[in-house]
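What you see is a predicted model, and the numbers here were worked out from it, not measured in a lab.
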Amino acid sequence: MYRVRVRSVPPVVLALRRFPNPRLTGIGAGLFAALTMFVLACVDRLLFDSSELVYGLLFLPVSALTALWVRPADLVTAPISVPIAFAVGVFPISGGSEGFGGQTMGLVTALAVHAGWLYGGTLIAGLIASVRKVRQMRARRRYVLAQGSKGSQGAKGSQGSLGPGAGPGRAPRAAASAPAAKPVRAGAGTTAAVRRPQRP
């Protein structure tokens, strides 16, 4: 007897399957990333004194979740919305001076200082979105091939039910083998009636 080998699923995969898996639109994913980074930046400012390392480390999983939770139709928006969310979140920890000009200069300086984390999170979001897009294209191709094979099998089955010699423009053999009726000449019955002798 053959033994069936059951592949054991790694615990990490099981944990990821139990994780919530929403499907956000492009705008929804951008809002999620921006609001999350803003809240995390406020927590970083209160608890860790605006630590750049803490903010950068928190930005990486947020970028991954944004690319994982966006719906397949809006995968291209994930690498675009992640840098915007980074800029929105870095505002509370930028440390600019009073006034609009001072706040703007502090924001630009913070973006320049955190450029490494910005590129890293954007790269993670782009890689995850690319992998999801490739898997989506492969699944669609397998579906199209499966539908084509089902259609060809159905056509073969219909041809087999008609018989080996069946086809368009061919009459059934039973109809062809039926004997033809003898033609009746016109006027044969009237001639016989005229030639019959009358009794006295």
Side-chain angles (χ1 to χ4, degrees), residues 1-40 55-89 114-178:
M1 296 179 65
Y2 295 98
R3 295 181 179 179
V4 179
R5 296 182 178 180
V6 180
R7 297 179 60 184
S8 60
V9 182
V12 179
V13 178
L14 292 176
L16 291 176
R17 288 179 179 178
R18 289 193 296 266
F19 203 74
N21 189 22
R23 283 292 173 259
L24 303 175
T25 61
I27 299 177
L31 291 176
F32 161 76
L35 292 177
T36 303
M37 292 309 303
F38 185 81
V39 172
L40 292 177
Y55 182 79
L57 289 176
L58 292 175
F59 175 66
L60 299 181
V62 172
S63 301
L65 291 177
T66 303
L68 286 173
W69 287 352
V70 69
R71 64 181 184 178
D74 297 329
L75 283 173
V76 70
T77 62
I80 301 174
S81 59
V82 164
I84 299 175
F86 185 89
V88 172
H114 299 303
W117 297 109
L118 175 61
Y119 294 150
T122 306
L123 180 61
I124 290 175
L127 289 177
I128 294 176
S130 300
V131 171
R132 288 187 59 193
K133 187 65 177 179
V134 170
R135 293 183 60 183
Q136 179 186 2
M137 293 173 62
R138 289 181 178 178
R140 184 179 301 176
R141 183 179 180 183
R142 286 195 298 266
Y143 176 77
V144 171
L145 292 177
Q147 292 297 324
S149 61
K150 288 182 181 179
S152 61
Q153 290 178 2
K156 289 181 180 180
S158 61
Q159 290 181 2
S161 61
L162 292 176
R170 295 184 180 181
R173 293 184 177 181
S177 59

Drop me the distance from [X]'s [atom1] to [Y]'s [atom2], to the nearest 0.5 angstrom.
X     : Y      : atom1 : atom2 : result
Leu68 : Arg23  : CG    : CZ    : 8.0 Å
Met37 : Ile84  : CE    : CD1   : 14.0 Å
Thr66 : Ile124 : OG1   : CD1   : 11.0 Å
Leu31 : Thr36  : CG    : OG1   : 10.0 Å

Do you know the tightest heavy-atom contact between [X] and [Y]?
X      : Y     : answer
Ala67  : Ala78 : CA-CB, 4.0 Å
Ile80  : Pro83 : O-CD, 3.3 Å
Gly126 : Pro79 : CA-CG, 3.8 Å
Ala34  : Ala85 : N-CB, 3.4 Å
Ala125 : Val82 : CB-CG2, 3.9 Å
Arg132 : Val70 : NH1-O, 2.7 Å

Checklist entry - Less than 4.5 Å apart, any side-chain heavy atom of Ser63 and any of Thr122? => result no
**Message:** Are there over 12 heavy-atom neighbours, none belonging to Leu35, within less than 6.0 Å of that residue's CG?
**Reply:** yes
Taking CZ in Arg135 as the centre, count heavy atoms belonging to other residues, nucleotides or ligands within less than 6.0 Å. Is the count above 12?
no
The ring-ring contact (aromatic ring centres under 6.0 Å, His included) partner of Phe59 among Phe86, Phe38, Trp117, Tyr119 is Phe86
